[in-house]
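I have placed the structure first, in the form of structure tokens, so that the comments after it can refer back to it.
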Amino acid sequence: MSSLQPVRGTHDLMFDDIRRHRLVQAKFAALAAHYGYSEITTPIFEATDVFARTLGDTTDIVTKEMYTFETKGGESVTLRPEGTAGVARAFISEGLTQQTPLKFFYHGPMFRHERPQKGRQRQFHQIGAELLGVPGPQGDVEVIALADHTLRELNLSGHITLELNSLGDTESRAAYRAVLIDFLFGHREKLSAESRERLEKNPLRVLDSKEPADKEIVVSAPRFPDYLNQTSRDFFKAVQDGLNNLGIFFKLNSSLVRGLDYYSHTAFEFTTEALGAQGTVLAGGRYDGLIKQMGGPPTAGIGWAAGVERLAMLLSDLPPLPRPIAMIPVGESEDAIAQKLSHRLRNSGFNIDIGYSGNMGKRMKRANKLNARVALIIGEDEVKQSVVTVRQLDSGEQSRVAMADLESHLDLYR
RNA sequence: GCGGGUAUAGCUCAGUUGGUUAGAGCAUCUGGUUGUGGUCCAGAGGGUCGUGGGUUCGAGCCCCAUUACUCGCCCCA
């Protein structure tokens with residue numbers, strides 16, 4: 001056991017792990033393109049303000065989880081803890097504000113300095129989609145449909161449920177916040193220490209406290225839906241109708257609160273029981289105020305992000321790896337011709353594995369381990385007659401094929 | 001940041017009340033087969049028992065510290 005470890009909360013991804021990640025990315029990328037979204041890659045770090053000013057001064061992400069450092073020029077930069085702020089920044093700095101509606105999707109690493117846990121790492125990966133400049137509920141419906149479709153495409157919809165809530169517009173939220181604070185203050189003494197702190201920083205969070213004592217109080221708390229104004233109510237209704245129209249099932253959850261400050265109206269989470277404490281697999285919402293807050297023109301926005309590690313853990317079987325054709329020179333004198341033949345076959349689209357050294361037995365073992373379908377054996381005899389011995393590894397049958405005819409003979413295994 | 005659990009071979013794990021030279025399976029390598037893999041047989045290599053200290057005649061085992069992993073809290077994808 002080596003003492004050389006990757007930095008806490010980071011992981012090397014290889015073999016099946018990275019294949020799972022690729023599968024998630026590839027299926028999502030294909031589907032997003034199908035919905036008319038185009039890919040965007042924003043920098044992995046941004047000026048610290050991009051995150052600090054938008055995510056909310058009181059959120060844990062900003063107060064204690066950001067990887068922030070100073071550049072040689074004295075500028076404060078931060079490794080991105082999430083994807084939306086960067087896309088919003090690009091929207092403004094690339095002068096795209098006249099080109100709405102815009103539909104973007106992305107994938108890539110994110111960084112948060114938290115205590116690692118199952119499904120939670122300091123460097124982790126997200127896929128996400130953002131729809132900019134669509135203020136109406138059809139935007140919410142489309143974005144949620146893309147999320148739902150992505151999960152279905154990954155065969156995960158079975159053990160995942162969609163939870164839905166509305167945080168209302170600014171006016172509704174302010175109104176509710178006021179009565180909620182009022183109510184909670186009345187029960188201040190009975191609240192848990194954590195919730196008393198939440199009361200100061202982010203009162204809505206008290207609603208999904210897991211403390212039994214808190215839960216008891218929360219049951220009789222004023223309910224968010226009752227404080228939505230007519231506009232917010234109509235909007236939420238339209239989103240629900242839209243989802244019903246598409247046959248997408250959801251569960252209303254009035255205590256669902258998104259962590260980041262920039263959300264309004266629709267908030268949603270796809271959750272599972274299968275990942276312990278990290279049940280949220282995909283989450284998002286509407287953020288109509290964000291672009292303006294960052295200095296752009298008022299622009300509606302809605303989007304979501306999903307944790308690739310969490311999705312990857314839920315995937316069942318990976319598709320099998322392609323079976324290569326093993327090129328096996330019998331001795332050193334056949335190396336050159338084997339290499340030349342491999343090159344020719346690779347150029348015609350065949351998947352060729354050529355062992356780098358070892359006697360024939362070793363190379364056959366390697367071919368077997370790689371699950372090769374066919375071995376191409378080239379020895380002195382074969383070279384003399386310009387043929388190759390083609391051995392089917394599953395059946396053990398073998399025959400000789402003229403080198404010139406190899407491509408057409410192997411066509412089955414392309 | 002707070003709490004619980006774990007740490008023995010490349011991997012998964014045994015290791016009795018503290019007692020000789022720390023084991024198994026899988027994997028790797030060699031040979032049986034110098035032009036034929038998978039199965040089989042025989043053999044080999046591989047360990048500062050996470051790290052540092054302590055108790056003891058004696059520590060993989062007990063105690064303390066520390067690090068990593070892991071699960072939960074907080075928070076979040």
Tell me, which stems hold RNA chain B, with a stem being 3 or more Watson-Crick or G-U pairs in a row and both distances under 3.5 Å?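 If one scans RNA chain B for consecutive Watson-Crick or G-U pairs, the stems found are B:1-7 with B:67-73, B:10-13 with B:23-26, B:28-32 with B:40-44, B:50-54 with B:62-66.
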Side chains of His107(A) and Glu39(A): closer than 4.5 Å at any heavy-atom pair?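 Counting from C-beta outward, His107(A) and Glu39(A) do come under 4.5 Å.
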Taking for each residue the nucleotide of RNA chain B with the nearest heavy atom, is it Leu282(A) or Thr389(A) whose nucleotide lies nearer the 5' end?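 Closer to the 5' end of RNA chain B: Thr389(A).
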Do [X] side-chain and [N] base share a donor-acceptor contact under 3.5 Å?
X	N	answer
Arg120(A)	A77(B)	no
Asn368(A)	G37(B)	yes
Arg115(A)	C74(B)	no

Given atom CE of Met313(A) and atom P of A77(B), what is their separation to the nearest angstrom?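 Atom-to-atom, Met313(A) to A77(B), this comes out as 15 Å.
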Tabulate protein N/O versus nucleotide N/O from nucleotides 27-30 of chain B, keeping only pairs under 3.5 Å, one per line.
unit_1: U30(B); atom_1: OP1; unit_2: Lys362(A); atom_2: NZ; d: 3.0

Arg8(A) side-chain N/O to C69(B) phosphate OP1/OP2 under 4.0 Å: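 Answer yes for this pair, as a side-chain N or O of Arg8(A) is under 4.0 Å from OP1 or OP2.
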Taking C41(B) as the reference, what is the distance to C26(B) when you measure between their P atoms (whole Å, please)?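 My reading of the P atoms in C26(B) and C41(B) gives 10 Å.
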Pairs: protein N or O with nucleotides 41-45 of chain B N or O, under 3.5 Å:
none

Lys NZ or Arg CZ of Arg173(A) over Tyr176(A) ring: under 6.0 Å, within 45°: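 No.
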